[in-house]
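Everything on this sheet refers to the single structure shown next.
Everything numeric here is computed off the predicted structure, so don't read it as measured data. Labels below follow one simple rule: chain letters A, B, ... track the order of the sequence lines, proteins then strands, and each chain is numbered from 1.
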Amino acid sequence: MTCRVRFAPSPTGNLHIGGARTALFNYLFARKKGGKFILRIEDTDIERSTKEFEKSILEGMRWLEMEWDEGPIYQMQRMDRYKAKVQELLDAGKAYRCYCTAQELEAKRQLAMKEGRKPKYDGKCRDLEPRNPSTQERCSIRFKAPTEGTTVVHDICRGDVSFENKELDDLIIARSDGTPTYNFTVVVDDMDMQITHVIRGDDHINNTPRQILLYEALGFPLPQFAHLPMIFGPDKKKLSKRHGAVSVIEYQEQGFLPSAMQNYLARLGWAHGDQEIFTKEELIQAFDLEQVGKSPSVFDIEKLKWVNSQHMLKLSNDEIFDRTVPFLEKRGIKVNDRTMGIKAVTSERERGRTFDELAEISTFYFRDVIEFDPKSKDKWLNDEGKKTLSVLVERLSGIEDFSDHNIGEVFKKLIEETGKKMLDLAQPCRVALTGTTVSPGIYEVMAILGKDAVLNRFKRAIAA
RNA sequence: GCUCCCUUCGUCUAGCGGUCUAGGACAUAGCCCUCUCAAGGCUAAGAUCGCGGGUUCGAACCCCGCAGGGAGCGCCA
């Protein structure tokens, strides 16, 4: 039987880091096994679901290159199917109508907590004589769960986890407005979609025994379960807005590569020996659910940046440039000369760990007027520095072919004549040209900028 | 409170009874390279394997307690 897995986000927020990792593991598993990866939108929370969030989730999926084979399937379009299944359980006596009000239930919950009991439904309506539903009295439908015995979850990642059925209560499968609830729809959907492996976050493990009971009541064979450990923020608390960027699209906006994000996310809770850097193909090849760890991991942006830099190193200069352009444009820079642009960005490529960083440090090439960093200016654009620049203006003007090599010759000659150190020549140039004391090799910078720009910037620095 | 789960350097992790005086990676520090900064190379520091008991000739790995952390306990998903 071919494997069928699904990712089932609810469109009540953007695709966040944790969701993306879950999606990725499903995706990798499906590809590795030659199975199907299905996308399902769990949009039954009408209050909070929006089309915008759904679009954003799909965008995130596409950005991370997790192509789905089927779907998206919308739960809202399957209402009739759920209702039919609820009726089936009702007819079989495996579910019953509950007339308790939400307020009543909430009061009982509070009381139970206060008294140190587990706040579960007391079964008040469980054995009520069935009333005539046509009276239109508001009621929810509850699943009649077994009160004794043990339900064992055979989990691929964590082994066997057992629950006493008496700890589980009669969960509501349909609200009083007739709409089905999560634990019920997941089961019906996974059954109908013939899901073979349910791979999801381990915040769902406590729901799993209930779902197993539902499978049994509905007379369906169980899928395999795999619960993935959570991803935490630096404070070891569940990742949330407080930790900054949680949504994957924000990482796209920060100039990370999809392949790097995949790589980093895959290594959270999973490892393949000592290997750190993986291509997508390598991930698919090496991925194994049984190797997934059990303990939660902390999301570390620094390591993500490093992984990203490693993936950037593999790109061609053209590709690096093309991916940097949007980030230059964000800074109001329009690159007219592509050849020059490629040279400029290439000269900086090892200095940026994301495309956003790369764009930032490359801007000086494209601005007509650069700003001097105050500290750098004080240190290097002093009388001595300006004198040096003046001499250079004179010497450099004489160069016809303004090349790396020829510029270097001028510097060497000047050093020979004056006995000055290279540092004392290079730094004033750097500040004059880039505004800071950090840049690629100074000959290279000059050659890329071109003679006119260099001389203009020198003159402006001397006058500053 | 109750139920379930987790626990190896600051962080991600390797380890699946002897090869562990615990390996790699990020971050940190230093050195090399060098016109600055990166990249790259080398080195250092950093984990009494949460704690306490067992089992065993032998335990990070198996068992039992304890502690800490997390998740769930919704007419949310």
Side-chain angles (χ1 to χ4, degrees), chain A residues 8-13 42-45 47-49 75 98 100-102 105-106 109 112-121 138-142 153 155 158 161-164 166-169 171-183 185-186 201-209 227 229-230 232 234 236-238 264 267-277 291 293-307 309 313 348-353 361 376 380 408 411 415 421-427 429-431 434 436-443:
Chain A
S10 70
T12 53
E42 307 210 326
D43 53 356
T44 53
D45 184 350
E47 301 280 303
R48 297 186 299 148
S49 297
Q75 290 193 316
C98 172
C100 300
T101 64
L105 261 16
E106 183 55 28
R109 225 188 325 272
M113 291 265 235
K114 216 171 121 191
E115 292 178 354
R117 300 193 326 269
K118 187 170 180 169
K120 44 176 238 179
Y121 181 59
R138 279 183 76 81
C139 65
S140 56
I141 314 288
R142 284 186 187 271
V153 181
D155 195 281
R158 7 196 93 225
V161 182
S162 47
F163 296 82
E164 293 301 319
K166 66 173 190 293
E167 296 294 340
L168 277 20
D169 60 358
L171 82 162
I172 289 176
I173 55 176
R175 304 181 182 94
S176 42
D177 65 0
T179 56
T181 57
Y182 169 73
N183 279 297
T185 57
V186 201
D202 92 17
D203 46 344
H204 287 286
I205 195 143
N206 289 293
N207 287 326
T208 309
H227 288 93
M230 308 263 80
F232 288 158
K236 312 240 180 189
K237 291 259 175 3
K238 199 172 168 178
Y264 177 73
R267 284 285 287 95
L268 247 32
W270 174 82
H272 184 63
D274 286 338
Q275 188 171 352
E276 296 285 350
I277 301 302
Q291 290 292 314
K294 303 175 186 190
S295 48
S297 37
V298 173
F299 186 82
D300 180 10
I301 185 83
E302 285 305 314
K303 183 140 183 187
L304 205 213
K305 283 184 184 167
W306 175 77
V307 171
S309 73
L313 251 24
E348 289 280 16
R349 60 175 292 172
E350 280 165 357
R351 262 158 287 258
R353 295 192 295 174
I361 56 181
S376 307
W380 296 103
F411 274 67
I415 287 169
K421 283 189 293 188
M422 179 60 190
L423 184 73
D424 296 318
L425 294 193
Q427 290 306 68
C429 292
R430 216 165 239 129
V431 178
T434 74
T436 73
T437 55
V438 174
S439 85
I442 201 66
Y443 308 152

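- Annotation: B:rA14 and B:rC26 have their C1' atoms spaced 15 Å apart (nearest Å).
- At a threshold of 4.0 angstrom between heavy atoms, the contacts of A:Leu423 are confined to the sugar-phosphate backbone, with no base atom among them.
- Under the Watson-Crick or G-U wobble criterion, with both distances below 3.5 Å, B:rA45 has no partner in any strand shown.
- Scanning RNA chain B 5' to 3' for nucleotides with an atom closer than 4.0 angstrom to a non-hydrogen atom of chain A gives a first and last hit of B:rG1 to B:rA77.
- Partner assigned to B:rG40 is B:rC32, using Watson-Crick or G-U wobble distances below 3.5 angstrom.
- In this model, no donor atom of one side chain and acceptor atom of the other lie less than 3.5 Å apart for A:Thr434 and A:Arg430.
- Contacts of A:His204 with the nucleic acid, taken as non-hydrogen atoms under 4.0 Å apart, include base atoms.
- Spacing between B:rC62 and B:rC16 at atom P, rounded to whole Å, works out to 11 Å.
- The partner of B:rG17, taking Watson-Crick or G-U wobble pairs whose two distances both stay under 3.5 Å, does not exist in any strand shown.
- In this structure, A:Ser439 reaches the bases: a heavy-atom distance under 4.0 Å links it to at least one base atom across the strands shown.
- Positionally, the nearest nucleotide of RNA chain B for A:Ser162 lies more toward the 5' end than for the other of A:Val438 and A:Ser162.
- When both pairing distances are held under 3.5 Å, B:rU11 makes a Watson-Crick or G-U pair with B:rA25.
- Here, B:rG30 and B:rU11 have their P atoms 23 Å apart, quoted to the whole Å.
- Comparing the same atom, P, in B:rG17 and in B:rC75 gives a spacing of 45 Å after rounding to whole Å.
- As rounded to the nearest Å, B:rC61 and B:rU19 have P atoms that lie 14 Å from one another.
- Considering CE of A:Met230 and NZ of A:Lys236, their distance stands at 15.5 Å, rounded to 0.5 Å.
- The salt bridge (Lys or Arg N to Asp or Glu O under 4.0 Å) check on A:Asp155 picks up nothing, with sequence neighbours excluded.
- Between A:Gly269 and A:Thr437, the residue anchored closer to the 5' end of RNA chain B is A:Gly269, taking for each the nucleotide with the nearest heavy atom.
- Taking the six-membered ring for Trp and thresholds of 30 and 60 degrees, A:Tyr264 and A:Phe299 have ring planes more than 60 degrees apart, a perpendicular arrangement.
- Comparing the P positions of B:rG24 and B:rC32 gives a spacing of 24 Å, expressed to the nearest Å.
- Partner assigned to B:rG68 is B:rC6, using Watson-Crick or G-U wobble distances below 3.5 angstrom.
- Rounded to the nearest Å, the gap between the C1' atom of B:rU21 and that of B:rA60 is 15 Å.
- Taking the C1' atoms as reference points, B:rC5 lies 24 Å from B:rC9, given to the whole Å.
- Looking only at distances, no side-chain donor or acceptor of A:Arg175 sits under 3.5 Å from a matching main-chain atom of A:Ser140.
- Proximity of a side-chain donor or acceptor of A:Arg267 to a complementary backbone N or O of A:Trp270 within less than 3.5 Å is detected.
- Across all strands shown, the partner of B:rC73 is B:rG1, judged by Watson-Crick or G-U wobble contacts whose two distances both fall under 3.5 Å.
- Within 4.0 Å (heavy atoms only), A:Pro440 reaches at least one base atom of the nucleic acid.
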